[in-house]
Amino acid sequence: MTLEPPREHNSSEPDAEHSAEAKRKIVNRLRRAHGQLAAVISAVEHDHHCRDVVQQLAAVSKAIDRAGYLVISTALQECLSDPDAPDAATPRELERLFLSLA
C-alpha cells in the first residue's frame with residue numbers, strides 16, 4: 001500500500017490532497033503512540049501503579065489500531081479510484097489486512 005498515488009498528480013488534485021492528508025494523519029497517530037509507549041516504559045521503570053500502566057497501554061494500542069485502520073482505508077480508496085493500478089491491493093488482500101488488526 002502506498003500513501004501517495006502511483007500516478008503523477010498535481011498537488012491541487014483531490015487524490016493527491018487526500019493522500020497527503022491521510023499520510024499526515026497516520027504519522028500523527030503513530031507519533032502519539034510513540035510518545036504514549038515511552039510513557040508506559042517510564043511508568044514500568046519507575047514502578048508506577050499497574051492501573052496507570054494498563055491505561056497507557058490501552059491508549060497506545062488504540063492509537064496504533066486507528067493508524068492501521070486509516071492505512072487500510074487509504075488503500076481501499078486508492079483501489080476504488082484506480083483498480084487496475086499495478087500495485088493495487090486485491091479485495092481479498094484488503095480483507096486479510098483489515099482482519100489482521102481485529
Is the backbone N or O of L97 less than 3.5 Å from a side-chain atom of S100, with the two atoms forming a donor-acceptor pair by type?
-> yes

R66 and L70: side chain to side chain contact (heavy atoms under 4.5 Å, CB included), yes or no, with the steps?
-> CA-CA 6 Å; R66 286 185 176 187; L70 189 52; over 6 Å; no

Could you tell me whether the side chain of L57 reaches within less than 4.5 Å of the side chain of S61, counting heavy atoms only?
-> no

Taking atom OG1 of T74 and atom NZ of K23, what is their separation to the nearest 0.5 Å?
-> 11.5 Å

Any side-chain heavy atom of R24 sitting closer than 4.5 Å to one from N28?
-> yes

I41, V60: one ILVMFWY side-chain cluster at the under-4.5 Å cut-off?
-> yes

Would you give the length of the straight line joining atom NZ of K62 to atom CZ of R32, rounded to the nearest 0.5 angstrom?
-> 10.5 Å

Is the backbone of R51 close enough, under 3.5 Å, to the side chain of H49 for a donor and an acceptor to pair up by distance?
-> yes

L101: which of V71, I64, I72 passes side chain to side chain contact (heavy atoms under 4.5 Å, CB included) | I72

Please report the closest heavy-atom contact between Q56 and A39, naming both atoms and the distance.
-> OE1-CB, 4.0 Å

Count the heavy atoms belonging to other residues, nucleotides or ligands that lie under 6.0 Å from CZ of F98, then report whether that count exceeds 12.
-> no

For Q36 against A59, the heavy-atom pair lying closest together = OE1-O, 3.3 Å

For H34, does the NE2 atom sit with more than 12 other heavy atoms under 6.0 Å from it, leaving out its own atoms?
-> no

